[in-house]
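All remarks here apply to the structure that follows.
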Amino acid sequence: MKTLIFLCILLLCLITHCTSCSPTTPRTKYNTSKYIRVSCRQTLYPKLCQRSLANYATKIKTSPKLLATTALLVTFNATRSTSKRLRELSVNRALKLKPGEIQALLECVEEVNDSVYELRKSIKELNDSRKGPEFELRMSDVQTWVSAALTDDDTCMDDFTTRGRVRVLVRRLVVRIARLTSIALAFINNYAAV
Ligand SMILES: *[C@@H]1O[C@H](CO)[C@@H](O)[C@H](O)[C@H]1NC(C)=O
Ligand SMILES: *[C@@H]1O[C@H](CO)[C@@H](O)[C@H](O)[C@H]1NC(C)=O
Ligand SMILES: *[C@@H]1O[C@H](CO)[C@@H](O)[C@H](O)[C@H]1NC(C)=O
Ligand SMILES: *[C@@H]1O[C@H](CO)[C@@H](O)[C@H](O)[C@H]1NC(C)=O
């Protein structure tokens with residue numbers, strides 16, 4: 001009998017101990033919600049995803065539409081500033097760029113600009129989307145445009161055939177927006193499927 005009571009108490013202790021230290025709210029570096037963490041884990045870049053959506057948890061709540069729209073807005077903002085940054089690089093005399101590098105940079109600006117355009121259209125379409133007869137068609141447009149934005153980013157790096165540190169810098173900038181675009185696309189696909 002005593003042993004039984006002892007075992008019961010032990011079990012109770014284990015249970016309470018486990019609930020008090022269970023990872024229901026694991027500490028993370030980013031101020032996100034569980035919904036965002038779980039959603040981000042389904043993308044190719046979970047950390048970037050969490051970092052970029054930190055601070056939008058109250059806005060997103062558990063809405064797949066707001067998750068997709070916010071991810072797209074973040075991507076749009078980042079892509080637009082990258083276009084600006086690339087333009088600045090192309091006229092920066094201190095970098096002593098070779099003509100081929102300037103040419104490649106300007107081509108990149110054009111590609112990234114196209115991407116900005118595709119993303120702007122997508123945000124509007126996604127924001128206007130309502131469940132109904134036109135939903136699938138609208139979502140299919142958004143998927144096409146965001147995929148095109150991703151291709152534009154990739155094309156920019158293809159143009160960049162010269163070696164050197166400016167290529168490394170451009171690559172870092174463009175890879176980041178391509179990853180953000182990929183994350184947004186994952187959330188759009190998810191929203192389109194609900
Ligand atoms: C984290 O986000 C919550 C709302 O989602 C907010 O109340 C809190 O102040 C934020 N904490 C930090 C450290 O930003
Ligand atoms: C995007 O940029 C605009 C203007 O700079 C800003 O008001 C908005 O909060 C940004 N949105 C996101 C989701 O980053
Ligand atoms: C890219 O877009 C910016 C801002 O809209 C514009 O000023 C610039 O001329 C564009 N550049 C190219 C190469 O299309
Ligand atoms: C989204 O649509 C609402 C109206 O439904 C509008 O108030 C809001 O400004 C739109 N946001 C964007 C980013 O287009």
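Nothing here was measured: the structure is a model prediction, and the numbers come from that model. Counting starts at 1 for both ligands and their atoms, following the listed order.
- Here the shortest heavy-atom pairing between Y191 and A68 reads CB-CB, 4.5 Å.
- Between N127 and ligand 4, an N or O atom pair is found at a separation short of 3.5 Å.
- Distances between N or O atoms of N113 and those of ligand 3 include at least one value under 3.5 Å.
- Close contacts between ligand 3 and V109 involve ligand atoms 11 (N), 13 (C) [criterion: under 4.0 Å to a heavy atom].
- Atom CZ of R167 is surrounded by more than 12 heavy atoms from other residues, nucleotides or ligands within 6.0 Å.
- Among residues two or more places apart in sequence or in another chain, the salt bridge (charged side-chain N to carboxylate O under 4.0 Å, His left out) test is passed with K61 by none.
- Counting heavy atoms closer than 4.0 Å to ligand 3, residue R87 contributes side-chain atoms (C-beta onward) but none from N, CA, C or O.
- Side chains of I60 and S33 form no contact here, defined as non-hydrogen atoms less than 4.5 Å apart.
- Under the rule for a salt bridge (charged side-chain N to carboxylate O under 4.0 Å, His left out), E110 has no partner lying at least two apart in sequence or in another chain.
- For the side chain to side chain donor-acceptor pair (under 3.5 Å) condition, the pairs that include at least one residue of residues 130-147, sequence neighbours left out, are Q143-N189.
- Contact residues of ligand 2 (protein heavy atom closer than 4.0 angstrom to a ligand atom; sorted by chain and number): Y56, L73, V74, N77.
- Exactly one of V74, L180, L44, T43 qualifies for a side-chain contact (heavy atoms from CB on, under 4.5 Å) with C49. That residue is T43.
- Few gaps surround OH on Y45; more than 12 heavy atoms of other groups in view lie less than 6.0 Å from it.
- Applying the 6.0 Å contact sphere to NZ of K98 captures no more than 12 heavy atoms from other residues, nucleotides or ligands.
- Residue R120 places every heavy atom at 4.0 Å or more from ligand 4.
- Taking every heavy atom of R130 and a limit of under 4.0 angstrom, the matching atoms of ligand 4 come to 5 (O).
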